[in-house]
K.L.:
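Could you have a look at this structure, given as structure tokens, before my questions?
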Number of protein chains: 2
Amino acid sequence: MPDTVADVPPGLDDILGFHIRLAHGAVYRHFNETFGTIVPTQKQTSVLWLVSDNPGISQIDIARLLQIDRATMMAITNTLTDRNLMERRTSPIDRRRQALHLTAAGVTSLTVARAAVAAHEVWLKSRFTPEEQVQLVSLLRRIHGGQADQ
Amino acid sequence: MPDTVADVPPGLDDILGFHIRLAHGAVYRHFNETFGTIVPTQKQTSVLWLVSDNPGISQIDIARLLQIDRATMMAITNTLTDRNLMERRTSPIDRRRQALHLTAAGVTSLTVARAAVAAHEVWLKSRFTPEEQVQLVSLLRRIHGGQADQ
DNA sequence: TATTGTTATACTCTATAACTATA
DNA sequence: TATAGTTATAGAGTATAACAATA
């Protein structure tokens, strides 16, 4: 994408949803343009992150945490396992479930990805004061409905 | 999607980009689930909206306003023209440009879509005070870089 | 040379529907 | 009956690369 900054058009400027989509697009583009060739996507990184923090977690649990569909989660899991970053193991407790675990390559990839996310966050947060960051997260949370862990 | 509300997982909860993606996803889903069968997508509606407000506008100008690539804009334009909501006319002034205009069906579709957007905005904004709405837009604008029209 | 549109191509994300195995 | 995973399928959005026509 050319890095042109254009004015928000009148009319659409009053639509909150429009600003959310634009902001999301800007974040999406910056991440891909800056780190796209060296790390997994943001969504894939989120999945690796959750599996790393919760070894043996099931697909359906990740889908709930990331607020995506079961079939969507399936597709992402397939991509990650095809690339040998993650593996499915049958749960000995509930044989309907697949326990997810990172491979060694997955651990390495997540390490690099976490560094990319950290750099990306610096870029993103640099335009806000700490108070504004807290405020923004608080407002966004009211949209997506996720509760902070206590 | 099942309408489960799950806790934001620890670790990821500190990532601002994660909250933006989650909020965007929630907005995207609500719009599609509520109006997906009767109106164009949010992005397509944005394009129809801009063409309606700026008859004869070019693809590249819309791409700049919506902050998307030329080829992406091409794909969206194709979809809209294939569905007879919009048409390309060669500009008599600059023959490299295609002047975009809504068809009669496009005008009708946009009318319905605008009503859907309005209802969707009520749903979205209902969780904020007017002051918070202004604050949120102001913060999001710092991310996507679009300037308000004066 | 630069801009606009175009085509070809590819990948990610999203979801619905229906089916299998298990609880 | 309900849950987890799966497969098949489809559509939207995103982009890069290269080319043609025009300015």
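Per chain, numbering begins at 1; letters A, B, ... match sequence-line order.
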K.L.:
Which nucleotide in the set dA15(D), dA4(D), dT6(D) lies at the smallest distance from any side-chain heavy atom of Arg88(A)?
P.N.:
dT6(D)

K.L.:
Among dC13(C), dA17(C), dG5(C), find the nucleotide with the atom closest to the side chain of Ile76(A).
P.N.:
dC13(C)

K.L.:
Between dT16(D), dG5(D), dT14(D), which nucleotide has the shortest distance from any of its atoms to the side chain of Arg70(A)?
P.N.:
dG5(D)

K.L.:
Think Gln67(A) has a side-chain N or O under 4.0 angstrom from the OP1 or OP2 of dT14(C)?
P.N.:
no

K.L.:
What integer distance in Å separates Phe35(B):CZ from dA12(D):P?
P.N.:
18 Å

K.L.:
Test for a donor-acceptor pair under 3.5 Å between the base of dT3(D) and the side chain of Arg96(A), counting only N and O atoms.
P.N.:
yes

K.L.:
Compare the minimum distances between each of dT14(D), dG5(D), dC13(C) and the side chain of Lys43(A), then state the nucleotide with the smallest one.
P.N.:
dC13(C)

K.L.:
Quick check for you: among dA15(D), dT7(D), dA12(D), whose closest atom lies nearest to any side-chain atom of Ala71(B)?
P.N.:
dA15(D)

K.L.:
From the list dA15(C), dT4(C), dG11(D), which nucleotide is the closest neighbour of the side chain of Arg83(B)?
P.N.:
dG11(D)

K.L.:
Please state how far atom NE2 in His24(B) lies from atom P in dT14(C), giving the value in whole angstrom units.
P.N.:
9 Å

K.L.:
Taking only side-chain N and O atoms of Gln98(B), does any of them lie within less than 4.0 angstrom of OP1 or OP2 on dT6(C)?
P.N.:
yes

K.L.:
Nearest to the side chain of Arg64(A), heavy atoms from C-beta on, is which of dG5(D), dT14(D), dA4(D)?
P.N.:
dA4(D)

K.L.:
Can you tell me how far P of dC11(C) sits from CG of Asp69(B), to the nearest Å?
P.N.:
17 Å

K.L.:
From the list dC13(C), dA15(C), dA15(D), which nucleotide is the closest neighbour of the side chain of Arg29(B)?
P.N.:
dA15(C)

K.L.:
Between Arg95(A) and Gln42(A), which is nearer to the 5' end of DNA chain C once each is assigned its nearest nucleotide?
P.N.:
Gln42(A)

K.L.:
How close or far is atom P of dT7(D) from atom CG of Asn78(A), stated in whole angstroms?
P.N.:
7 Å

K.L.:
Rounded to whole angstroms, how far apart are CG on Leu66(A) and P on dT12(C)?
P.N.:
17 Å

K.L.:
Using heavy-atom distances to pick each residue's nearest nucleotide on DNA chain D, tell me which of Ser58(A) and Asp94(B) is more 5'.
P.N.:
Ser58(A)

K.L.:
Can you find a heavy atom in the side chain of Val27(A) that is under 4.5 Å from one in the side chain of His24(B)?
P.N.:
no

K.L.:
Quickly, which of Arg97(A), Arg88(A), Gln98(A) forms a side chain to side chain donor-acceptor pair (under 3.5 Å) with Gln59(A)? Name it, please.
P.N.:
Arg88(A)

K.L.:
Once the angle between the rings of His30(A) and Trp123(A) is folded into 0 to 90°, is it parallel (under 30°), tilted (30 to 60°) or perpendicular (over 60°)?
P.N.:
parallel

K.L.:
Is a salt bridge present between Asp14(A) and Lys125(B), judged by a nitrogen-to-oxygen distance below 4.0 Å?
P.N.:
no

K.L.:
Looking only at side-chain atoms of Ile60(B), point me to the closest of dA4(D), dT14(D), dG5(C).
P.N.:
dG5(C)

K.L.:
Taking NZ, NE, NH1 and NH2 as the nitrogens, is one of them in Arg141(A) or Asp13(B) under 4.0 Å from a carboxylate oxygen of the other?
P.N.:
yes

K.L.:
Between Asp82(A) (CG) and dC11(C) (C1'), how many Å, whole number?
P.N.:
14 Å

K.L.:
Should Val39(B) and Phe31(B) count as side-chain neighbours, where that means a heavy-atom distance under 4.5 Å?
P.N.:
yes

K.L.:
Round to a whole Å and report the spacing from CZ of Arg97(B) to P of dA23(D).
P.N.:
11 Å

K.L.:
What is the distance, to the nearest angstrom, from the CD1 atom on Ile93(B) to the P atom on dA21(D)?
P.N.:
22 Å

K.L.:
May I ask you to say what Thr41(B) touches in the nucleic acid, namely base, sugar-phosphate or nothing, with a heavy-atom cut-off under 4.0 Å?
P.N.:
sugar-phosphate

